[in-house]
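Have a look at the structure below before the remarks.
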Amino acid sequence: MQELFNHSLRLRADPSRVVVRPFHIAWAHNGSGPSRSERIVGEVLAMSPGEARVQLEIVLKDFEARHWQTRRVFMTRYDEIEEMLSLDGSNIGDEKRQLLGAYFCHEYSYAAAALMNPSAVPHYDQSGMPKGSMRILMSLRAVGEGHISSVAFREGIITDKNELSLAPEPPFATAADAREEEETTMPEGPVTVYRHRDSTLSGTVIFPITKAQSNGLEDLRICHFTHDDGSEEWIGTYTAYNGSVIQSELLRTRDWRAIDLVPMSGGASRNKGMALFPRKIDGKYMMLGRQDGENIFLHSSDDITHWEGGELLIKPQYPWELVQMGNCGPPIEVAEGWLVLTHGVGAMRKYAIGAALLDKNDPSKVLARSKEPLLAAADQDREGYVPNVVYTCGAIRHGDKIFIPYGVADSSVAFAFVPIKSLLEAMD
């Protein structure tokens, strides 16, 4: 068994984490009368200034302490409504505009049901880090009302002494928004979302925007990608789900302010669990996938958004992985090759995390793999939203260790450090 240090910190689902989101009310006319949105606007505009002030004060008493810059959020929402309904804002006072904005917003608890499947990368800002420390950025799959998955983030610091500290979550979360989003029809993608200028990443949530994403953004696997010209980009693969069809897409950003959500094309992208190598190999983009839902495949492409074919790379071999296998995030480059964390499913649908080592110059060659799991559900908390599951979407190399954030029973997120040497020595 590999040497492993489990950190005591846990992150759990939290129904108190809420954001204000647009409340989409039908814009279309119902027969010959006004639409519902037009009726609401008309009722508010017909209020006396005193009545509007009283109604706004009731809303603010209920919600202003729960959200960040609530009045500004309401005014921003009003501006959107004004444009869509061609209102003349010069004739509408601030209090009525804020109240109108409130009618077209709602509160959403984005992590009430589950918090799981984390992925970690080096943070874009390493300034001020002492020797042996690294600032990290972690994505999390947050599941809220309606079982809708979104992407949340946490920032923190890890050290070479197996220490982990997370930056405090801001009291208010904000949703990244697509400035050109049309509310009358859902966009098809690609789309760009923007982090609010005053919001940290730890307080930012990315929600589904396009039709393909309408039921969730699932299992983001982020890598810190280095291009041939030396430029850097953070690129993640995730599953867009519309309630019946899944589609792999890319998250791309160079500054974590503007974030592109880009659909992928090709036969290989019509599945989940794809993970990008953090650089080209022999002039090709490389990707791991699970195209048959059972085995791990290797894909190569000249176009990072188009993926076809693929060759079988790793298939179930040991009892703890006989049901199915998949990757647990982007490959990690070490001196000996590409270290790939894998997940396996055994009897009673019990999940475990193992590893494989691929040749650095030819990743189609499997040099070694773990006979025993590194982490297994039986060794951790087993009860939760989905019992008997441990799962990660991406780990980080830090010095001579691997830092692994991982989901437990789809209900909490735990953390572990493992020495690379002991992990490799446990492989055959």
Side-chain angles (χ1 to χ4, degrees), residues 14-30 33-113 142 144-146 148 150 152 169-187 193-200 203-209 214:
D14 183 359
S16 72
R17 297 296 295 176
V18 292
V19 295
V20 175
R21 297 202 65 201
F23 181 37
H24 298 291
I25 299 174
W27 305 111
H29 290 266
N30 183 12
S35 67
R36 181 154 51 131
S37 56
E38 290 171 330
R39 178 182 58 77
I40 293 169
V41 170
E43 294 281 359
V44 173
L45 295 182
M47 292 180 183
S48 68
E51 185 181 1
R53 183 178 303 113
V54 168
Q55 294 304 316
L56 179 61
E57 287 174 353
I58 292 171
V59 173
L60 293 174
K61 181 180 178 181
D62 283 343
F63 296 101
E64 191 165 29
R66 291 167 59 85
H67 297 285
W68 175 72
Q69 297 184 339
T70 309
R71 292 173 184 267
R72 182 188 292 184
V73 170
F74 290 165
M75 289 294 278
T76 299
R77 185 63 176 140
Y78 165 79
D79 290 341
E80 296 168 349
I81 302 305
E82 178 183 273
E83 182 177 352
M84 280 184 283
L85 296 182
S86 300
L87 303 178
D88 183 1
S90 63
N91 295 322
I92 305 173
D94 282 355
E95 289 175 336
K96 285 191 177 182
R97 285 189 284 174
Q98 290 178 43
L99 184 58
L100 280 169
Y103 272 102
F104 289 87
C105 287
H106 74 124
E107 194 174 69
Y108 182 81
S109 180
Y110 61 89
E145 178 186 345
I148 303 298
S150 56
E169 272 188 310
F172 309 114
T174 58
D177 67 305
R179 295 171 186 164
E180 305 301 324
E181 181 182 356
E182 290 286 344
E183 295 201 25
T184 52
T185 58
M186 294 188 74
V193 297
Y194 299 87
R195 174 160 64 102
H196 194 282
R197 62 184 179 275
D198 296 327
S199 178
T200 65
T204 298
V205 186
I206 301 178
F207 288 99
I209 291 177
S214 56

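A quick note: this is a predicted structure, and the numbers were derived from the prediction, not measured. Position 1 is the first residue of the sequence, and the numbers go up from there.
In this structure, F207 and Y108 have perpendicular ring planes: the angle between them is above 60°, well past the 30° mark.
Heavy atoms only, all atoms of each residue included: R195 and T204 are closest at CD-OG1, 3.3 Å. Summarising the geometry of G203 relative to P170, their closest heavy-atom pair is CA-CG, 3.6 Å, with the distance given to 0.1 Å. A pairwise comparison of heavy atoms in L85 and E38 identifies CD2-CG, 4.3 Å as the closest pair.
Side-chain contact between Q98 and Y78: absent, with no pair of heavy atoms (C-beta onward) separated by less than 4.5 Å. Side-chain atoms of S37 and F104, non-hydrogen and from C-beta on, do get closer than 4.5 Å to each other. At least one side-chain heavy atom of S109 sits less than 4.5 Å from a side-chain heavy atom of P15. Counting only heavy atoms from C-beta outward, the side chains of T174 and V205 never approach each other to under 4.5 Å. In this structure, the side chains of V20 and T70 stay at 4.5 Å or more apart for every pair of heavy atoms. Side chains of Y110 and V18 form no contact here, defined as non-hydrogen atoms less than 4.5 Å apart.
A donor-acceptor pair under 3.5 Å is absent between the side-chain atoms of R72 and the main chain of T76, judged by distance alone.
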Without placing hydrogens or testing angles, list every side-chain donor-acceptor pair under 3.5 Å for residues 45-59, not counting sequence neighbours.
residue: S48; atom: OG; partner: E51; partner atom: N; Å: 3.1
residue: R53; atom: NE; partner: E95; partner atom: OE1; Å: 3.3
residue: R53; atom: NE; partner: E95; partner atom: OE2; Å: 3.2

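In this structure, CD1 in I81 is found 12.0 Å from OG in S86, a value given to the nearest 0.5 Å. Rounding to the nearest 0.5 Å gives a distance of 11.5 Å between CG of D79 and CG of L100. From E82, atom CD reaches atom CG of D88 across 7.5 Å, with rounding to the nearest 0.5 Å. Rounding to the nearest 0.5 Å gives a distance of 8.5 Å between CD of E43 and OH of Y103. Rounded to the nearest 0.5 Å, atoms CD1 (I148) and OG (S214) are 7.5 Å apart. Between the CG atom in L99 and the CD1 atom in I40 there is a gap of 10.5 Å [rounded to 0.5 Å].
Taking E169 as the reference, R17, R154 meet the salt bridge (Lys or Arg N to Asp or Glu O under 4.0 Å) condition, with sequence neighbours excluded.
The pair E107-R21 does not meet the salt-bridge criterion, since no charged nitrogen lies less than 4.0 angstrom from a carboxylate oxygen.
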